[in-house]
Amino acid sequence: MDPLKILLVSSEVTPFAKTGGLADVVAALARQLGKLGHDVRVVMPYYGRLRKSEYAFESVERVQDVPMRCGEKRYWFSVSRSRLPKSNLDVYFVRCPELFDREGIYTQDPDEHLRFALLSRAALELCQWTQWAPDVVHANDWHTALMPLYLRTVYAWDKLFARTRTVLTIHNIGYQGVVSSETLRDLELQNERRLLYQEDLDQGRLNFLKTGILYANALTTVSKTYAREIQGEEHGMGLQALLRQRDDSLFGIVNGVDHEEWNPRKDPLIPHKFSERDLRGKEANKKALCEKFGLDYDPRAALIGCVSRLTAQKGFELLPDILPVLLHRENVRLVVLGSGEERYENYFNWLAGAFPTKVAFKAGFDNPLAHWIEAASDMFVMPSRYEPCGLNQMYSLRYGSIPIVRRTGGLADTVKPFDSATGEGTGFLFDEFTPEALYGALQRALAVWRDESAWRRLVQNAMRENFSWERQVEHYLALYRRLAPAQR
Ligand code: ADP
């Protein structure tokens, strides 16, 4: 079969810019597609912070100082490229300092819509300037969700895109990009009002993600359970009815683990390597991590890890009711790494102060430490309110850190309940979003922890799970081929 041309556009791509799973998923998917011989171009913004990075960027000829009209405003963008590490393909960076030279990746600034509309349009204009006709444009989350509509409107005249089909992946429906309908001019959509969701316009709004859901040829989300959940009242965040209408074009494809990045046998970011056959390195990582944070190391104490964005989605409000009790009653240690809402940072700072030899909290984003925590901890807690896929529980499985998770979204699809009678299973799940239910799961985990041989079996089950991208990429490819059959 002929290779496909795939344009993958995202606001984050590991290792260049990352706040969460989206960045890992786009990088891993691109890498796998590249390995299979497909012609993949990944496009993302050139954020100001990249200027200080170690990566080498090369200007893309001709695509320099290109003017783009955005209503009354006019911007100029240029494109540079850099190799995606451990791959045979390039990431293309849209440079527009006026929009992308900001403190963070995301902002609350009034032109946030313009930043990502420009990214979306510049990605298509890069194709035009280089006369590269994508078979598939793959957009990700609200930031690039206008791409399918742009192909039908602003760029519809260009035959280059005549055979292009679109996929929109919903990594998290909680972020939809809802902006004032006064931005239509900025977005060059003022003449396309009839194509937009009328009810929203009547209320003075435009919803990027909803528009993408209307116009993408196919929709995917990052687990089968989440694909079902977002069609219902509880998790649809207002888009459930529309998603139900598009049910036959909505597919759940669970994310994978990038084994190049996450492999305890050769991870350069962890002090001691290990495998399921020889877990001594794991214990050494635990000891070293406890020492680093001044925790009281005890091999019989279970070390519970947590690495997360600190947001309500992740279920942190379940913790205050149970953690002090758990820490008083049980021989456990807790290490938390997270950045996000101040109220959660304050809480963990307080907890670490109250239990200085048992709890460590590091605020901020720290990739090497995230690897180390996975490698060192015995258990990994993810009590998410909702979880589209979740990567950390899969990384945890691979690093023998037993996930304790709420049965929702991708967590339900990737963690199998451990059954002491049969010795089967990989983790502990709970259903109700209550502190008691989480406490119950922790108690079940600790009961198995006390039985050394049962625990070893559980750890080995977990480490043998295989959520590799090599397998998952086939599902995306099958979808791309179905959408773009002419290239078969
Ligand atoms: P989400 O995308 O909702 O944040 P995922 O579990 O899918 O959740 O992905 C989170 C990714 O971000 C993982 O790779 C995790 O290791 C990483 N991560 C989250 N918070 C931090 C942090 N504070 N420091 C380092 N890595 C983090």
Side-chain angles (χ1 to χ4, degrees), residues 10-29 104-106 140-143 169-175 220-223 225-226 229-230 235 237 252-264 267 269-270 289 305-316 335-342 344-345 348-349 360-377 380-399 401 403-406 408-415 427 467 469 472:
S10 172
S11 56
E12 352 180 334
V13 181
T14 303
F16 303 103
K18 166 170 169 178
T19 68
L22 167 63
D24 287 2
V25 171
V26 172
L29 176 60
I105 293 176
Y106 304 117
N140 293 278
D141 274 352
W142 76 262
H143 317 96
T169 296
I170 302 167
H171 297 261
N172 191 332
I173 209 164
Y175 304 90
T220 72
T221 187
V222 287
S223 69
T225 297
Y226 195 60
E229 286 174 345
I230 57 178
H235 294 291
M237 306 258 181
I253 304 176
V254 80
N255 291 329
V257 173
D258 190 337
H259 291 177
E260 298 286 348
E261 298 281 331
W262 296 91
N263 181 353
D267 186 339
L269 300 176
I270 61 176
L289 190 71
C306 178
V307 178
S308 183
R309 290 184 296 121
L310 300 179
T311 66
Q313 178 204 334
K314 301 294 179 178
F316 289 109
V335 177
V336 179
L337 165 65
S339 63
E341 291 175 33
E342 210 179 308
Y344 298 122
E345 292 195 7
F348 285 119
N349 275 322
F361 172 57
K362 165 98 190 277
F365 194 92
D366 184 339
N367 187 47
L369 183 59
H371 282 245
W372 192 357
I373 292 175
E374 294 283 8
S377 52
F380 196 92
V381 68
M382 288 179 80
S384 305
R385 188 181 277 282
Y386 73 93
E387 194 59 76
C389 177
L391 292 172
N392 276 319
Q393 81 283 8
M394 291 193 271
Y395 300 155
S396 301
L397 289 168
R398 192 146 174 75
Y399 283 66
S401 176
I404 298 171
V405 303
R406 178 140 182 271
T408 181
L411 298 174
D413 292 1
T414 54
V415 180
F467 293 104
W469 267 108
Q472 298 315 96

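No experiment lies behind these values; they were computed from the predicted model shown. Ligands are counted one by one from 1 in listed order, and the atoms in each one are counted from 1 as well.
- Regarding atom 24 (N) of ligand 1, its nearest protein heavy-atom neighbour is Asp366 N, 2.9 Å.
- At least one side-chain heavy atom of Ser11 sits under 4.5 Å from a side-chain heavy atom of Leu22.
- Atoms of ligand 1 lying under 4.0 Å from any heavy atom of Gly390, numbered from 1 in the order shown and given with element: 6 (O), 7 (O).
- Across Tyr175 and Thr311, no two heavy atoms sit closer than the pair OH-CG2, 4.4 Å.
- Residue Ala370 has no N or O atom closer than 3.5 Å to an N or O atom of ligand 1.
- Within ligand 1, the atoms closer than 4.0 Å to a non-hydrogen atom of Arg309 are 1 (P), 3 (O), 4 (O), 20 (N), numbered from 1 in the order shown.
- The protein non-hydrogen atom at the shortest distance from atom 23 (N) of ligand 1 is Gly364 O, 2.8 Å.
- Put simply, part of Lys18 is less than 4.0 Å from ligand 1, judged by heavy atoms.
- Here the heavy atom of the protein found nearest to atom 16 (O) of ligand 1 is Asn392 OD1, 3.1 Å.
- Residues Cys389 and Val222 share a closest heavy-atom pair of CB-O, 3.3 Å.
- Cys306 places a side-chain heavy atom less than 4.5 Å from the side chain of Phe316.
- Atoms of ligand 1 found under 4.0 Å from any heavy atom of Asp24, numbered from 1 in the order shown, are 14 (O).
- Residues Val13 and Ala27 share a closest heavy-atom pair of CG1-CB, 4.0 Å.
- Among all protein heavy atoms, the one lying closest to atom 27 (C) of ligand 1 is Phe365 CE1, 3.3 Å.
- Protein heavy atom closest to atom 20 (N) of ligand 1, with residue, atom name and distance, is Ser308 C, 3.5 Å.
- The shortest distance between side-chain heavy atoms of His143 and Glu12 does not fall below 4.5 Å.
- Contacts with ligand 1 closer than 4.0 Å are made by heavy atoms of both the backbone and the side chain of Leu391.
- By the 30° and 60° cut-offs, the orientation of the rings of His371 relative to Tyr399 is perpendicular.
- Scanning all heavy atoms of the two residues, the minimum distance from Asp24 to Trp262 falls at OD2-NE1, 4.3 Å.
- Contact between Ile373 and Leu337 at its shortest, heavy atoms only, is CD1-CB, 3.6 Å.
- Of the protein's non-hydrogen atoms, Gly21 N, 2.6 Å is the one closest to atom 2 (O) of ligand 1.
- Within the 4.0 Å heavy-atom cutoff, Ala23 does not count among the residues contacting ligand 1.
- Proximity annotation for atom 1 (P) of ligand 1: of Lys314, Glu374, Glu387, Lys314 comes nearest, heavy atoms only.
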